Engineer: 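The structure's right below; bear with me while I get my questions together.
Quick note: numbers below take in every heavy atom, side chains included, and nothing from hydrogens, waters or symmetry partners. Keep in mind that this is a model prediction, so the values were computed, not measured. Quick note on labels: first sequence line is chain A, next is B, and so on, each numbered from 1.
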Amino acid sequence: MEETHTTPMPADTPDSADFDPIADFADFARAQADPLLTDLTDPQRDAVEHAEGPLLILAAAGSGKTRVITRRVAHLVRAGVPPWSILALTFTNKAAGEMRERVTGLLAEIGAARTGGLTITTFHSLCARLLRRYADIANIPGLNPDYTIYDSSDQQALVKRSIANLGLNTSNWAPRAVLSAISNAKNEMMDAEAFAATASDFYARTIATIYKSYQDGLRRANAVDFDDLLLLTVRALQTCEEAREEVQHRWRHVMIDEYQDTNKVQFVLASLIAAQPDNTPPNICVVGDPDQSIYGWRGADIRNILEFEDQYAATRVIALGENFRSTAPILATADTLIRRNKMRKHKDLFTSRDGGELVELTLCADERHEAELVTDWFRARQQDGVEWKEMAVFYRMNALSRVMEDELRRAGFPYVIARGTAFYEREEVKNALSYLRVVANPADDVSLRRILNKPTRGIGATTIARVDTIAYKNQSSLFDALRLIAQGGVEFDLTARAQSAITKFVAMIDAWTGHGAFLGADVSSSLEELTERVITESGLEKHYKSKAEKSGEAPDEDRLANLEEVISSAHEFEQEYSPEDDPAFNNPQTPENSSESPDHNSESTSAELLETPPLLSMLRAYLETVSLVSDADAIDPASGAITLMTLHAAKGLEFDAVAIIGLEDGLLPHSRARESQAELEEERRLCFVGITRAKQRLLMTSARYRTHRGLRERAIPSQFLNELDQTHLIVSDQADHGAGGWEDEDTWAARGRASRGGWENSRSRSRSSRSANSASQEADGWENATGDSGGGAEYGLSVGVRVRHPQFGVGMVEAITMSGANSRARIKFHDVGVKTLVLQYARLDVIN
DNA sequence: ACCGGTGCTCTCTAT
DNA sequence: GAGCACCGGT
């Protein structure tokens, strides 16, 4: 189906004189008429038209990558490839959703007869579904299709228990560090046994022991972590021929976006799925840019993209280099920066467009000043005619968003923070979902522990410890132990009171699940109803209601509203859910192609799954969806607001006006990256990603002082600022014009002298909203730096004083406590009730 | 059993 | 400035 590029053209076509060589005109004319080929450069068109065999698209930032992939998919369909045999993988739901939307649009535009059954999804989502589909036949001990997906906090809870159960100390064995080691191992496809086999020293051997215990805990709980999702799916496909043949037979074209960020497991997964039964070269098309590889720390292996050509013989490589997004100064800035990376294949970034505003670099006094300057800059951009939704602020750490938020709120500018997971991390939401998880999977100990005594129902720590013992003796889950107790008959070392509380709890769960059958008159008929029942009958709702009554104020209205929100999210999910589209159930197929769909050899798995009660399978799918939400998913292009997000979340997006804040040593590059060249280069790529998101205007800021961990510290401008192309920059030193008017001889131009490193300099403590001019304070020699001398008094705060807080509004000081290093003020705010704030850091202004 | 206060510790990025 | 563990009061 490859069309040649040498078709003769009609000699007398009117516009032919404009083109040289003339022979290209036929292509041009054909492309103009073809919605899939119009407005493409030659390499873009080659990529779109490539049909069979491995294809590597090296797509530089802003080179029209998305356009190429979506058109290529549509092109395949038009060429006769059945949509259900195409699999496209992304990293976020949002990217998948966008791709799906655009492909669907294109298919409609070209009037494609068959459009259904395309699989465009994320790695994790695909694996979650495959794992449910093959859980029963994959022979993974303990795993069944009701499994729970553990998020970071669940992992944390489990690994802490594992460490404690081994008689180890969580202060010597930091859960975070242990989990990171386990994650790295899983990304390298090492299970606990393989890890133990390579462990040579005491540290590694201990980690291996914890890994084993943690993994046992997951299996017993019928739970998987994010890494397992991928790893166990790969194991299932490797060991289960039936499963492997099914996916290989189904998907004949595999496309992977952001390929530079794939890890080993993802590589193996893709290879497994794409492999052709007859060993012909796989139809695998990967798109990526090594310069935008920013997930090395979570196991992404850049070799996947660098060595793709070696992995697959006869790979076609197409480079998309021309940038259609950014102005020349922005692009030149990005280019000079990324050139500093030594471990890099050079490629030119180029644009054919001229003009464009210079990139701005502003040095600010501190983070509040920075936020003010950025806000002013946005005000100016708005006056230029840029819409709010075309503006964005990027930062290295989520913690940097707060001050920016305060300032934007103060200015009355609309903004949204890209934190899709934030809602699900809230205590009350997490609790509601934990109840649902226990309903779906009673073996899930971590979720059960979270809600067993929430609201308090007389099953306290002592009781749980005793139940633990019973569970341990029986090698059963916690819930099975509870059930055993509820059934009575056996003597347990429990008070009658505790036993009755447990009996009631078990009966409550049983009522919701119809004793696990999800059938019967008493069982909910809809997910929404189930969710509502769980929230009310568990007492959660009442719990937050009565709390609100006690404090006499409004804050818990928030929580109640969030619980309502969970119910409506369940309702929404229910509306859109259809079991036929759930690949865990079924290989999806559309009516018109069902006869040719390869799905008829899988009755064994489908039959089992079809026996699943509909409510249960819907609940599984709902919990799965909720578990796999990402921060980037929260970005709503139609929101009409300035977007705030981390640099990592910014990948793949573009905005007219971009501000990157916090360009300071220790922040960007992050302090952890200082020791290693590889990590430093990843930080540079991260900065590069941020810069290349900007279409028209770019502002970068660096603050002289920044309050970090509650400590106001001297900051040094990022080395990256030094590496930028000065001819495209306007540098503006506003540091002395900040609120406090800090006098200091150290300008950013003198940064070279400040070789001590970023954060560890002065330990000076002062309120960030200082009212006094502090010109006499020497950053390095401030006496009495621990700040325990004066407490609130030195700021004129005392009981009865009225204060204003940027977020909480106006309030009155009720009490000041001075103990240890932290002085706290209890303040009663008019709007949000009583809060206790650490005085040194609270953004308080005294008012009259 | 539960709650609030307190003091200490430590932070990145994210599916 | 958040999260956590611990302690003391109810």
Engineer: From the set C/dC4, C/dG1, B/dT13, return the single nucleotide nearest to any side-chain atom of A/Arg402.
Structural biologist: C/dG1
Engineer: Applying side chain to side chain donor-acceptor pair (under 3.5 Å), can you list everything that pairs with A/Asp633, at least two apart in sequence or on another chain?
Structural biologist: A/Asn93, A/Ser630
Engineer: Which nucleotide wins on minimum distance to the side chain of A/Thr646, given the candidates B/dA14, C/dA5, B/dT15?
Structural biologist: B/dA14
Engineer: Between A/Leu711 (CG) and B/dT11 (P), how many Å, whole number?
Structural biologist: 15 Å
Engineer: Expressed in angstrom and rounded to an integer, what is the separation of A/Asn169 atom CG from C/dA5 atom P?
Structural biologist: 11 Å
Engineer: OP1 or OP2 of B/dA14 versus the side-chain N and O atoms of A/Asn398: is any pair under 4.0 Å?
Structural biologist: yes
Engineer: Would you classify A/Thr463 as touching base, sugar-phosphate or nothing, given that sugar-phosphate means primed atoms plus P, OP1 and OP2, and contacts are heavy atoms under 4.0 Å?
Structural biologist: sugar-phosphate
Engineer: What is the separation between atom CG on A/Asn187 and atom C1' on B/dA14, rounded to the nearest whole Å?
Structural biologist: 12 Å
Engineer: Whether A/Glu258 and A/Lys651 form a salt bridge (side-chain N of Lys/Arg under 4.0 Å from carboxylate O of Asp/Glu) is what I want to check.
Structural biologist: yes
Engineer: If you define the side chain from C-beta out and look only at heavy atoms, does anything of A/Phe394 sit under 4.5 Å from A/Ile691?
Structural biologist: no
Engineer: Assign each of A/Thr122 and A/Gly458 to its nearest nucleotide of DNA chain B by heavy atoms, then name whichever residue's nucleotide is nearer the 5' end.
Structural biologist: A/Gly458
Engineer: Closer than 3.5 angstrom, by distance alone: can the side chain of A/Arg685 be matched with the main-chain N or O of A/Ile294 as a donor-acceptor pair?
Structural biologist: no
Engineer: Whole-Å distance between B/dT15 P and A/Lys186 NZ?
Structural biologist: 18 Å
Engineer: Any carboxylate oxygen within less than 4.0 angstrom of a Lys/Arg side-chain nitrogen, looking at A/Arg706 and A/Glu370?
Structural biologist: yes
Engineer: Over how many whole Å does the gap from A/Arg712 atom CZ to C/dG1 atom P extend?
Structural biologist: 15 Å
Engineer: Could you check which of B/dC2, B/dT11, B/dT15 has an atom nearest any side-chain atom of A/Arg709?
Structural biologist: B/dT11
Engineer: Check whether any side-chain heavy atom of A/Cys127 lies under 4.5 Å from a side-chain heavy atom of A/Leu269, and answer yes or no.
Structural biologist: yes
Engineer: Out of B/dT13, B/dC2, C/dA5, which has the shortest distance to the side chain of A/Thr456?
Structural biologist: B/dC2
Engineer: So what does A/Tyr295 hit on the nucleic acid, given a heavy-atom distance under 4.0 Å: a base, only sugar-phosphate, or nothing?
Structural biologist: sugar-phosphate
Engineer: Under 4.0 Å, heavy atoms only, any strand: does A/Asp151 hit a base, just the sugar-phosphate, or nothing?
Structural biologist: nothing
Engineer: Indicate whether A/Trp297 forms a stack on B/dT13; treat it as stacked only if centroid distance is below 5.5 angstrom and interplanar angle below 30 degrees.
Structural biologist: yes
Engineer: For the pair made of CZ in A/Arg706 and C1' in C/dG1, what is the distance, rounded to whole Å?
Structural biologist: 15 Å
Engineer: Counting the benzene-type ring for Trp, do A/Trp297 and A/His648 have ring centres under 6.0 Å apart?
Structural biologist: yes
Engineer: Roughly, in whole Å, what's the span from CG in A/Leu668 to P in B/dT13?
Structural biologist: 13 Å
Engineer: Under a 4.0 Å heavy-atom cut-off, which of residues 254-264 of chain A touch DNA chain B?
Structural biologist: none
Engineer: Rounded to whole angstroms, how far apart are CZ on A/Arg176 and C1' on B/dT11?
Structural biologist: 7 Å
Engineer: Could you check whether A/Phe226 gets within reach of a base, just the sugar-phosphate, or nothing at all, counting any heavy atom under 4.0 Å?
Structural biologist: base
Engineer: Hey, does A/Tyr214 have a side-chain heavy atom less than 4.5 Å from the side chain of A/Asp225?
Structural biologist: yes
Engineer: For A/Gln155 and for A/Arg672, find the nucleotide of DNA chain B with the closest heavy atom, then tell me which residue's nucleotide is more 5'.
Structural biologist: A/Arg672
Engineer: What nucleic acid atoms does A/Asp227 come within less than 4.0 Å of, heavy atoms only: base, sugar-phosphate, or nothing?
Structural biologist: nothing
